[in-house]
Amino acid sequence: MPVPDLFRAMMKEEWRMHSTIFGSLGFALFPAVIAVFAFFGALTLPIFADVFPYDVVALLIHTLFMLMGVMVGSFGLMGREFMNRRFGQASLIAYASRSLPVSERRIFAAFLVKDTVYYILLYVLPFAAGFTAATPFTGLDPALGLLAFVSLALAFLLGLSAVCFLSTLYARSVALLAGTAAVLAVAAIAAFRLGAITVSAVLPPYAFFLDPAAEPLALSLLLILVPAAVSVLFVTVDYPDRTKRFTNRLDPLAGRLRGLGSAHFIAKDALDLLRSEGGAGKVIFSFLLPLGLVWVCLQVLIRFIPGVDPLVVFAVLLGVISATIYNWLTEFDSFTSYTFLPVEISEVIDAKLKSYALANLLPLGVLVLAAATSGGAGTFLPALAAFASVSAYTLAVTVYLTGLHPNVMLYHAWVFLRYLLAISPALLLLIFASIVDPAYAALSLLLVAPAAFLLARARTRWQAWEMPTY
Amino acid sequence: MRQMIEATELTKNYGNVTAVNRVSFSVTEGELFGLLGPNGSGKTTMIRMLTGQIPPTAGSARVMGLDPANDPIGVRGLVGIIPEQETPPSFLTAEEYLHFVAGIRNLDSVDERCDRWFDLLEFRDKRDVLCKDLSRGTRQKLMFAQAFLHEPRLALIDEPLINLDPIMQRTVKDFLTGYVQGGGTVFISTHILEIAEEICDRIGIIHNGRLLHSGPVEDLVATGRHLESFFLDLVRGDAGA
C-alpha cells in the first residue's frame, strides 16, 4: 500500500474518530473557536506590551506550539490505552503493521505526514488566521500573520519530530534514550553557561519569526527532518517488556480515606494519577505554569487599574484553573467501567468530587502562599471565599456538561461555548465587583447555589446517559 | 424450580435500528443457558438489558425477582457480569482491581477470595502487574474473577472463552459446569457453537434481534442433528425469509 493511500486512510480515520466523539459539526467548529480565541488574545497584546514585549509573547506561543507537537506525537504513539478506555478495543491503522501487509516504516511515515497536515490545519492555521484578523486593531503588520503561520507550524513540527525521535530511541533501547537525553541536557546547560547558545538557537522557528532569514529556516528544517527521518528509518513496534510490578497500595490508601466514604474510588483516582505517564508532576506542572503567568499578569494589571487587589483576582482565577484538576482525575475513567458493577453513576461522580476536594488542597496551598508573600492577609478571607466558590462552580459546570469526559467533550465547539457562557459572565462580574471593593469578592458565595443545582442535575443527567457501543 | 431470568417481549431500539425485537424466554435455577447468534444479532444488547446497563424500549424482564430497568443496582449487586469489551482499570494491578470490586461489593475475606481465583485461573504471578500490562487472556481471567468474587447465584457472561487458551478454556468450562451442578445459574451469549453444544443445558438462537429457537440441547441431540447444521439452517432460512 503506497504512503499516499495510507495517508488518505489515516486522515479519514482521524476525522471520523474526532467526529464520532464530537459530532461532525461540533468538531468542524473547533478551529473557529481557536481563531476567535487567537483574535481576542491578539487584541490584548498592546495592553500588556509594557511587561510582555511582543518578542516574549512570541517566544511563549512558539513554545506552546512546540509542546503541542510533543503532545500530539505522544498521543499518537502512546494513546492506545486512552482510546481503549474511551471506545473499548481501539484499532487504529497506526497500530496495524502486524495485521496488514504494510511495513512499520511506511505506516509510521504516513502517520507523521497525517499528523503534520491534520494538526496544522486544525490548530496552526486558525490561530494564525485569528491573529491576522486582529492586526487592524493592534497596529501590527498583517504580514506577520503569514510569518506566524510558517514559524508556528515549524515549532509544532519540531515538537512532533523530537518526540517521535525519542520514542524510537526508547523502543530500541532505554539506555540509548537515557544516554541521548543526558548528552543533550549536559550540552545544552554547558552551552547556556558559556553563552554559546541563545533561546533563538534552541528554538529556531522562533528565531525565524523574529528574523525571517534563510539560516533559521534551514536550521528549523534540519532539526525537524533529520530526527523525523531517523525515527522513520529505525521505527519498531517490538517494544521491550517493561512491565512494572506494584504491591497492593489500594487497600492501605482506602483505609486511610475511609472516613470520607467512597474510599476505594478516591484511592483509585490517586493511583491513576501517580502511575500514569508523568505521575503527579504533570498535574503540578500544568497547574503551576499558568498560575505563575496569571500572577505576573496581575502585577501588570495593578498599574492600569488602581485599587485592584491582586490576591482576590488571583483567587478568582485560581478557582477556574483549579477546576482543570478534574480533567486529570477523569483522564483514564469511563462510565462503562462501572455499568456491570453495583454502583450508581451518581456515586462515581460523588467520589470524583471528593477526590477533587482533596486535590484542591494544592491550589489552597498556593493561595495561602500568595497571601503570605504578597502581604495580602487583609483580604485573605474574601479571597478564600472567591477561590472556593469559583472552583466549585467551575467544577459543577464542567461535570454537568462533560460528565467523566472533560478531556474530550470540551473540544466539542458547542459544549465549549456553553462552558464559556456559563463561566465568563460570573467570572467577569466577580472580578469587577472585587475591583470596586475586595470585600465584594465574598459575593462569590452566591455561586454555591447554582453549583449545587448543576451538580444535582449532572447526577441525573449522566445516570440516564447511554454509552453508544462501537 | 425458581425462575432466575424471565424476559417478556423485550425490545431495544437504537434510533431506527431494532437490536432486540420482542424476545421472550426464561432461565431456571441450576441451568446453563446459551444465547447463540451471529455477530450483531442482539446478544450483547440482551445482556445489557438484563443487567440494567441499558433500559429496554419495550417489554420487561425479571432477574432474580428484580426488574433490572427499575432496580439495576439491585440486580448487579446479586449477579456476576462479564461484559464482552470492558477491560479493567489501566493503573490498578490485578490484585488491586479485585480489592476495588470487593470494596464496591462490601465483601469480607477478600484475600482468600482473590487467592481462590488466582489459583483456579492460574494467574497468581500476574497479581502485582498493572492491568494495562496484562495480556488479553489474563484480563479476561481477571474479569472472570471479579464476576464471581461475591459467589453469585447467577452469572451473565458475554463470550466467556474469548482470548483464553485451550487449557484455560477447559478450566473455565469445567468450572461453569460444576458451578451449575452446585445450584448456580449461568446465562452465556456466544457465537461459538461448540461451547453451547458442550456445556449448555438449553439454548436460544437469536438473529436480527428475534429469537428463532429456544429449547434443550438434548432434544437437538436426540434428533441426531448437530447444532451447527441446525443453527445454519435456522439463521440462513431467516435471512432468506
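Reckoned from all heavy atoms, side chains included, excluding hydrogens, waters and symmetry mates. Below, read A as the first sequence line, B as the second, and so on, with proteins coming before strands; counting in each chain starts at 1. Small disclaimer: the values here were computed from a predicted structure and weren't measured.
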Discussion item. Just to verify, what does Thr138(B) make a side chain to side chain contact (heavy atoms under 4.5 Å, CB included) with, not counting sequence neighbours?
Written reply: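 Testing Thr138(B) for side chain to side chain contact (heavy atoms under 4.5 Å, CB included), a comparison that skips the adjacent residues, returns Phe123(B), Lys126(B), Leu134(B), Ser135(B).
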Worksheet item: Given Leu271(A) and Phe91(B), is the side chain to side chain contact (heavy atoms under 4.5 Å, CB included) satisfied, shown in steps?
Response: CA-CA 7 Å; Leu271(A) 293 178; Phe91(B) 296 102; 5.7 Å; no
Practice prompt. Measure across Leu130(B) and Arg275(A) and return the closest heavy-atom pair with its distance rounded to 0.1 Å.
Written response: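 Nearest heavy atoms, Leu130(B) then Arg275(A): CD2-NH1, 3.7 Å.
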Practice prompt. Taking all heavy atoms of Asp133(B) and all of Lys244(A), pick out the closest pair and write down the distance.
Written response: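 Reported closest heavy-atom pair: OD2-N, 3.9 Å.
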Worksheet item: Using non-hydrogen atoms and a limit below 4.5 Å, what part of residues 99-111 of chain B faces chain A?
Response: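 Checking residues 99-111 of chain B against chain A gives His99(B), Phe100(B), Val101(B), Gly103(B), Ile104(B), Arg105(B).
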Worksheet item: Applying a criterion of heavy atom separation less than 4.5 Å, what residues of residues 341-350 of chain A form contacts with chain B?
Response: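 Answer by number: Leu341(A), Pro342(A), Val343(A), Glu344(A).
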Should the heavy atoms of other residues, nucleotides or ligands under 6.0 Å from [atom1] of [X] be counted, would the total exceed 12?
{"X": "Ile167(B)", "atom1": "CD1", "answer": "no"}
{"X": "Arg245(A)", "atom1": "CZ", "answer": "yes"}
{"X": "Arg459(A)", "atom1": "CZ", "answer": "yes"}
{"X": "Arg457(A)", "atom1": "CZ", "answer": "no"}

Please report, to 0.1 Å, the donor-acceptor pairs under 3.5 Å made by any side chain of residues 63-75 of chain B, with sequence neighbours excluded.
residue, atom, partner, partner atom, Å
Asp67(B), OD1, Ala69(B), N, 2.9
Asp67(B), OD2, Asn70(B), ND2, 3.0
Asp71(B), OD1, Gly74(B), N, 2.9

Fill in: Distance in Å, Thr336(A) OG1 paired with Gln53(B) CD, rounded so as to fall on 0.5 Å steps
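Spacing of OG1 (Thr336(A)) from CD (Gln53(B)) equals 9.0 Å.
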Worksheet item: In Å, rounded to the nearest 0.5 Å, how long is the span from CG of Leu250(A) to CD of Glu96(B)?
Response: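 Result: 5.5 Å between the selected atoms.
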Worksheet item: What part of Asn248(A) gets closer than 4.5 Å to chain B, counting heavy atoms only: side chain, backbone, both or neither?
Response: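 Both backbone and side chain of Asn248(A) come within 4.5 Å of chain B.
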Discussion item. Please evaluate residues Met143(B) and Phe340(A) with respect to the criterion side chain to side chain contact (heavy atoms under 4.5 Å, CB included), reporting the C-alpha separation (whole Å), side-chain torsions for both, the decisive distance (0.1 Å), and the verdict.
Written reply: CA-CA 11 Å; Met143(B) 295 307 287; Phe340(A) 55 92; 3.5 Å; yes
Discussion item. Only pairs of heavy atoms separated by less than 4.5 Å count here; which of Asp128(B), Thr51(B), Ile81(B) has the most with chain A?
Written reply: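 The option with the most such pairs is Asp128(B).
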